Amino acid sequence: MKITLNRINDDFLFECTNSQGNSILLDNTSQPGAKGVSPMESVLMAVAGCSGIDVVAILKKQRQEITGFQAEVEGERVPVEDAKPFKSIKVKFLLEGNIDPKKALKAAQLSFEKYCSVSKTLEPNVEIGYEVLVNGEKV
């Protein structure tokens, strides 16, 4: 796996591109007019995307009918010397459709305990929690 990063303005705007030519913009969001997401926001997005792919894949295999899927991710950061790494990350899955709530909860559990490479990478240093809501009801 390889990405390239190219600076595309005179400040902090970077384009990151994968080997298939897909890209995202990273920027210093503490500056006005930022045109990309911060690198730390991209970490939260990676957790959401990785676990989201897992949950959807597991539920599809179980023939659950997903009509809506959303994830909200919040990260708590703490100062460590001059950096502010994540201390904890909480993921909330909001699913809609004809979905067995127990299957949805199990899918999330499997993602974080077994499949999600992003959360597994962070896990030794970051506490990762999750909750699941199906059709507005907490599971």
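What you see is a predicted model, and the numbers here were worked out from it, not measured in a lab.
Between Asn28 and Ser30, the side chains place a donor N or O and an acceptor N or O closer than 3.5 Å (distance only, hydrogens not considered).
Rounding to the nearest 0.5 Å places NZ of Lys87 at 13.5 Å from CG of Asn125. With values rounded to the nearest 0.5 angstrom, Ile89 atom CD1 is found 11.0 Å from Glu74 atom CD. Put simply, CD on Glu41 and CD1 on Ile24 are 10.5 Å apart, with the number rounded to the nearest 0.5 Å. To the nearest 0.5 Å, atoms NZ (Lys114) and OG (Ser119) are separated by 14.0 Å. From Lys103, atom NZ reaches atom CD of Gln64 across 4.5 Å, with rounding to the nearest 0.5 Å.
Summarising the geometry of Lys92 relative to Leu133, their closest heavy-atom pair is CG-CD1, 3.8 Å, with the distance given to 0.1 Å. Across every non-hydrogen atom of Val134 and Pro101, the tightest pair is CG2-CA, 4.1 Å. Residue Leu25 comes nearest to Lys35 through the heavy atom pair CD1-O, 3.6 Å, listed as atom of the first residue, atom of the second, then distance. When every heavy atom of Ala48 is checked against every heavy atom of Ser51, the shortest pair comes out as O-OG, 3.5 Å. Looking at every heavy atom in both residues, Phe14 comes nearest to Leu5 through CD2-CD2, 3.1 Å. Counting all heavy atoms, side chain and backbone alike, Phe93 lies closest to Ala71 at CD2-CB, 4.0 Å.
Taking the side chain as every heavy atom from C-beta outward, Leu44 and Phe86 approach each other to under 4.5 Å.
Cluster membership check: Val91 shares its hydrophobic cluster with Ile99, using side-chain heavy-atom separations under 4.5 Å among Ile, Leu, Val, Met, Phe, Trp and Tyr. Residues Leu110 and Leu122 fall into different hydrophobic clusters, defined by Ile, Leu, Val, Met, Phe, Trp and Tyr side chains chained together at heavy-atom separations under 4.5 Å. Using a 4.5 Å cut-off between side-chain heavy atoms of Ile, Leu, Val, Met, Phe, Trp and Tyr, with links allowed through other members, Leu59 and Ile53 fall into different hydrophobic clusters. In the hydrophobic clustering of this structure, Phe69 groups with Leu105; members are Ile, Leu, Val, Met, Phe, Trp, Tyr whose side-chain heavy atoms approach within less than 4.5 Å, directly or through other members. Linking Ile, Leu, Val, Met, Phe, Trp and Tyr whenever their side-chain heavy atoms come within less than 4.5 Å leaves Ile8 and Ile3 in two separate clusters.
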Criterion side chain to side chain contact (heavy atoms under 4.5 Å, CB included) on Ser19 and Lys2, from CA distance to verdict
CA-CA 6 Å; Ser19 59; Lys2 179 180 175 181; 5.8 Å; no
Using the side chain to side chain contact (heavy atoms under 4.5 Å, CB included) rule, take Val37 and Leu26 through it: C-alpha gap first, then chi angles, then the decisive distance, then the call.
CA-CA 5 Å; Val37 298; Leu26 297 178; 3.8 Å; yes
How far apart are the C-alpha atoms of Lys120 and Glu123, what are their side-chain angles, what is the distance that settles it, and do they pass the side chain to side chain contact (heavy atoms under 4.5 Å, CB included) test?
CA-CA 5 Å; Lys120 292 305 236 178; Glu123 191 175 78; 3.3 Å; yes
Would you sort out whether Val132 and Val55 count as a side chain to side chain contact (heavy atoms under 4.5 Å, CB included), showing the intermediate values?
CA-CA 11 Å; Val132 177; Val55 170; over 6 Å; no
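With hydrogens and angles disregarded, a donor-acceptor distance shorter than 3.5 Å links the side chain of Asp54 to the backbone of Cys116. One N or O on the side chain of Thr67 and one on the backbone of Glu96 form a donor-acceptor pair closer than 3.5 Å. Asn6 contributes no side-chain N or O that, together with a main-chain N or O of Glu15, makes up a donor-acceptor pair within less than 3.5 Å. Although no hydrogens or angles enter the test, the distance criterion places no donor-acceptor pair under 3.5 Å between the side chain of Arg77 and the main chain of Pro79. Judged by distance alone, the side chain of Lys61 and the main-chain N or O of Val56 form no donor-acceptor pair under 3.5 Å. In this structure a side-chain-to-backbone donor-acceptor pair under 3.5 Å is present from Thr121 to Ser117. With hydrogens and angles ignored, the 3.5 Å screen pairs no side-chain donor or acceptor of Gln20 with any backbone N or O of Asn18.
When the shell of 6.0 Å around CD of Gln109 is examined, it contains more than 12 heavy atoms from other residues, nucleotides or ligands. Atom CD of Glu131 has more than 12 heavy atoms from other residues, nucleotides or ligands within 6.0 Å. When the shell of 6.0 Å around NZ of Lys60 is examined, it contains 12 or fewer heavy atoms from other residues, nucleotides or ligands.
Taking the six-membered ring where tryptophan is involved, the planes of Phe112 and Tyr130 are essentially parallel, since the angle between them stays under 30° and well short of 60°.
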